[in-house]
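Each chain gets a letter, A, B and so on, in the order the sequences are listed, and its residues count up from 1.
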Amino acid sequence: GPADTGRQGQPQGPGLRTRLLVTALVGAGLGGAWLALRAEKERGRQQQRTEALRQAAVGQGDFSLLDHRGRVRCKADFRGQWVLLYFGFTHCPDICPDELEKLVQVVRQLEAEPGLPPVQPLFITVDPERDTVAAMARYVQDFHPRLLGLTGSAEQIAQVSRSYRVYYSAGPKDEDQDYIVDHSIAIYLLSPDGLFTDYYSRARSAEQITDSVRRHMAAFRSVLR
Amino acid sequence: MAAPTMKERQACWGARDEYWKCLDENTEDASKCKKLRSSFESSCPQQWIKYFDKRRDYLKFKEKFEAGDFQPSKMTAKS
């Protein structure tokens with residue numbers, strides 16, 4: 001057992017102690033050098049990552065769209081704010097209203113907590129043909145006073161959807177010229193740098209999303225100057 | 001055609017839920033739910049009716065599947 005080893009070791013006296021000391025010092029020196037090297041490498045990696053993030057923050061997912069009051073809004077306008085973003089359409093039967101309701105519930109929960117930065121709720125249409133500025137204005141008022149509805153030309157919507165990897169496809173028109181737009185469903189979280197930070201599928205509850213956003217807020221360090 | 005307002009949406013969902021409840025209670029026998037069907041149809045856009053009908057089929061299928069009642073070989077043989 002360990003007790004025996006201890007007793008056997010002792011009679012060898014200072015000789016062993018010196019050897020142990022030398023070994024420990026050399027070991028510590030090597031270990032220290034290795035740690036310093038690793039820290040240096042880590043710093044380099046971190047710098048590279050920050051630079052990549054900074055470039056992405058400036059360019060990726062950029063858009064220029066009209067809000068529901070007719071004002072031009074681009075991604076840079078939301079810099080410094082946390083953004084919760086959802087893509088959908090106003091003629092949507094059930095999923096979009098549910099998801100938007102969930103999104104604004106998260107915003108309300110976070111608003112109620114003192115000391116947290118404000119969150120901007122955004123709704124981008126994937127049905128630019130019908131979702132004009134006026135249609136968006138009518139729609140968003142039911143959800144939250146600060147919810148911004150964004151629309152644009154078919155090309156602008158195609159571009160912003162592509163940059164957030166949102167798929168959408170309008171179904172066939174019926175006699176009323178009505179149609180359903182099939183589209184991917186996710187709520188996106190953008191950091192104050194405008195960077196895509198997280199996304200939440202339909203299965204996530206408002207409480208789960210609120211917790212996640214709170215954690216991201218606590219961990220956030222800006223990569224922009 | 002303008003999109004339904006929140007009030008209209010809620011009226012439509014309410015009528016849909018009543019109709020679906022009737023189908024649940026009558027083992028999917030739609031002939032016993034004609035009144036609720038017509039109220040559902042008058043409360044929702046036509047396109048939504050089609051969508052909700054398909055959605056119910058899917059939800060029923062999912063229920064069966066999750067309950068373990070679904071047998072792929074039988075289904076394939078039938079179709």
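Residues B/Pro45 and A/Asp178 come closest through the heavy atom pair CB-OD2, 3.9 Å. Of all non-hydrogen atoms in A/Pro172 and B/Gln47, the two that sit nearest each other are O-NE2, 4.0 Å. Heavy atoms only, all atoms of each residue included: A/Asp142 and B/Thr5 are closest at OD2-C, 4.2 Å.
Sparse packing is recorded around CZ of A/Arg71, with 12 or fewer heavy atoms of other residues, nucleotides or ligands lying under 6.0 Å away. Within 6.0 Å of OH on A/Tyr168 lie more than 12 heavy atoms contributed by other residues, nucleotides or ligands. Environment of NZ in B/Lys60: crowded, with over 12 heavy atoms of neighbouring residues, nucleotides or ligands closer than 6.0 Å.
Counting only distance, with no hydrogens or angles, the side chain of B/Trp13 and the backbone of A/Pro93 share a donor-acceptor pair below 3.5 Å. A distance-only check finds a donor-acceptor pair linking the side chain of B/Trp48 to the backbone of A/His91 [under 3.5 Å].
The contact between A/Tyr139 and chain B is made entirely by side chain atoms (from C-beta outward), counting heavy-atom distances below 4.5 Å. At a 4.5 Å heavy-atom cutoff, A/Asp131 makes no contact with chain B through either its backbone or its side chain.
Per-residue heavy-atom pair counts under 4.5 Å with chain B were compared for A/Glu175, A/Lys173, A/Gln141, A/Arg138, and the maximum is reached by A/Glu175.
Residues B/Lys50 and A/Asp174 meet the side-chain proximity criterion, which asks for heavy atoms closer than 4.5 Å.
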